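Report on the structure given below.
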Amino acid sequence: MPSNAGRKFIDLIRQSTAKWANWDPPIPVQVGAYGRLNTETGELDIEGNIYDPEFQVMLDVVDGRLKLADYPAQIGAVEEDFIVCTMGVRQNDLRLDGEINIAGLSQASIKGEWQFQRGRRGALLIMHHPRQEYVPRGRVLETLYKVPELKDMHIVVSTFKCPAFTMYLSDKSGEKISLALTPSENPNEPQQWWSDTNASMLRKGQHKDYMFTPLYGLKRKLPLIRRLMRDSPIPDPEGDDFWVDVHVPWDPLDEDGDEDSSYEGEEEDGWVEAPERVEGNHSESDSS
């Protein structure tokens, strides 16, 4: 396994979903957590949570009316199975023949073969019946923009939790793997994963409860900016628009997850921060 396998997997999944993969899904990532992305691992180094009592103290300094206990994380409906195949990965039906004799395979809720391209890394992420948890839309994020302690921080605004997951990062050999989520003989036990490989970069888990967080959404503060040329006025953001997606904190990666030293950064695009704007000066939205 390459030393930067986790970062490579996270990078590939983000390219396909605009979300961030959790390389260790049994370790929970909670909605409202904030911190900074670790450039070496791609993981979020968590420094706090907006739902912590300590954070409410900081929020009261800039807005004493918003009590986050009144705006808990929302839980969405259970969704269909979520399968992410990155570029160079092809999904096929699992062919059942005499060589495969696994109990419950024909009744498996998820089953298939995945062919990976030779010479490049490919990533596969499967979530069984995920459901989202998220920060309520509207007033919360707009008000949080005023909190100075969140400058340069990344906030987990949504998570995908599930009772069963599989993730795999290919080894560049052009391999093919077969996977299935089969029913347990004991109805009180969770479904079980079957695979025809024990590769080191295959990770999977199952539980009867929503114990795993394989994927989450990150946002950062929108810099208040203006054009150098004033002929294109920018409308003020509203509500959740005060927060934007987080870009990867590394240069393009090679197939082993190392930064490509041949990459040259892009030139400035003519945008600058507007020093005359102060975070706490924007009026609060009435939406809730």
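Because the structure is predicted, anything quoted here is derived from the model rather than measured.
In this structure, D52 contributes its side chain and E54 its backbone to no donor-acceptor pair below 3.5 Å. Of the possible donor and acceptor atoms, one in the side chain of R121 sits under 3.5 Å from a partner among the backbone N and O of S170. Checked by atom type and distance alone, the side chain of T182 pairs as donor or acceptor with a backbone atom of Q192 at under 3.5 Å. In terms of modelled atom types and a separation under 3.5 Å, the side chain of W114 and the main chain of K176 share no donor-acceptor contact. Judged purely by atom type and a 3.5 angstrom limit, E259 uses its side chain to pair as donor or acceptor with the backbone of D251. No donor-acceptor distance shorter than 3.5 angstrom exists from the side chain of N4 to the backbone of T41, with no hydrogens or angles considered. The backbone N or O of P72 sits less than 3.5 Å from a side-chain atom of Q74, completing a donor-acceptor pair.
With values rounded to the nearest 0.5 angstrom, I13 atom CD1 is found 7.5 Å from L215 atom CG. Residue L37 holds its CG atom at 12.0 Å from NE2 of H247, rounded to the nearest 0.5 Å. In this structure, L144 CG and M153 CE are separated by 13.0 Å, a value rounded to the nearest 0.5 Å. Considering CG of L169 and CG of L125, their distance stands at 12.0 Å, rounded to 0.5 Å. Between the CD1 atom in I177 and the CD atom in E113 there is a gap of 10.0 Å [rounded to 0.5 Å]. Atoms CE and CD1, on M167 and I10 in that order, are 8.5 Å from each other to the nearest 0.5 Å.
Summarising the geometry of V31 relative to V157, their closest heavy-atom pair is CG1-O, 4.3 Å, with the distance given to 0.1 Å. Here the closest heavy-atom approach between residue A73 and residue Y51 is recorded as N-OH, 3.5 Å. In terms of heavy atoms, D254 sits closest to K8 at O-NZ, 3.1 Å. Contact detail for A33 and N49: the closest heavy-atom pair is N-ND2, 3.1 Å. Across L202 and S195, no two heavy atoms sit closer than the pair CD2-OG, 3.7 Å.
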| task | Mind running side chain to side chain donor-acceptor pair (under 3.5 Å) on E175 and Y168 for me, showing each step along the way? | result | CA-CA 12 Å; E175 72 272 33; Y168 180 71; 2.6 Å; yes
| message | For a side chain to side chain donor-acceptor pair (under 3.5 Å) check, start with the C-alpha distance between Q56 and D60, then their side-chain angles and the critical distance, and finish with the verdict. | response | CA-CA 6 Å; Q56 183 66 55; D60 288 342; 2.8 Å; yes
| task | Before giving the answer on side chain to side chain donor-acceptor pair (under 3.5 Å), spell out for S173 and D171 the whole-Å C-alpha distance, their side-chain angles and the decisive distance to 0.1 Å. | result | CA-CA 6 Å; S173 68; D171 60 13; 2.6 Å; yes
| message | I'd like to know whether L124 forms a side chain to side chain contact (heavy atoms under 4.5 Å, CB included) with V84, so could you lay out the CA-CA distance, the side-chain angles of the two residues, the decisive distance to 0.1 Å, and finally the verdict. | response | CA-CA 6 Å; L124 170 68; V84 180; over 6 Å; no
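The side-chain tip of R137 points at the ring of Y134 from less than 6.0 angstrom away and within 45° of straight on. Annotation: cation-pi pair K221/Y145 present, NZ/CZ under 6.0 Å from the ring centroid and within 45° of its normal. Relative to the ring axis of F160, R131 does not place its NZ or CZ within 45° and under 6.0 Å from the centre.
Looking only at side-chain heavy atoms (C-beta outward), Y34 and V156 stay at 4.5 Å or farther from each other.
Of the listed residues (D11, D258, D260), just one forms a side chain to side chain donor-acceptor pair (under 3.5 Å) with W250, and that residue is D11.
S109 and Q191 share a side-chain donor-acceptor pair at under 3.5 Å.
Within 6.0 Å of CG on D93 lie no more than 12 heavy atoms contributed by other residues, nucleotides or ligands. Within 6.0 Å of atom NZ in K208, 12 or fewer heavy atoms from other residues, nucleotides or ligands are found, so the atom counts as exposed in its surroundings.
Between E133 and K161 a salt bridge is recorded (basic side-chain N to carboxylate O distance below 4.0 Å).
For K219, the salt bridge (Lys or Arg N to Asp or Glu O under 4.0 Å) criterion is met by D245, not counting sequence neighbours.
Between F9 and W23, the ring-plane angle classifies as tilted under the 30° and 60° cut-offs.
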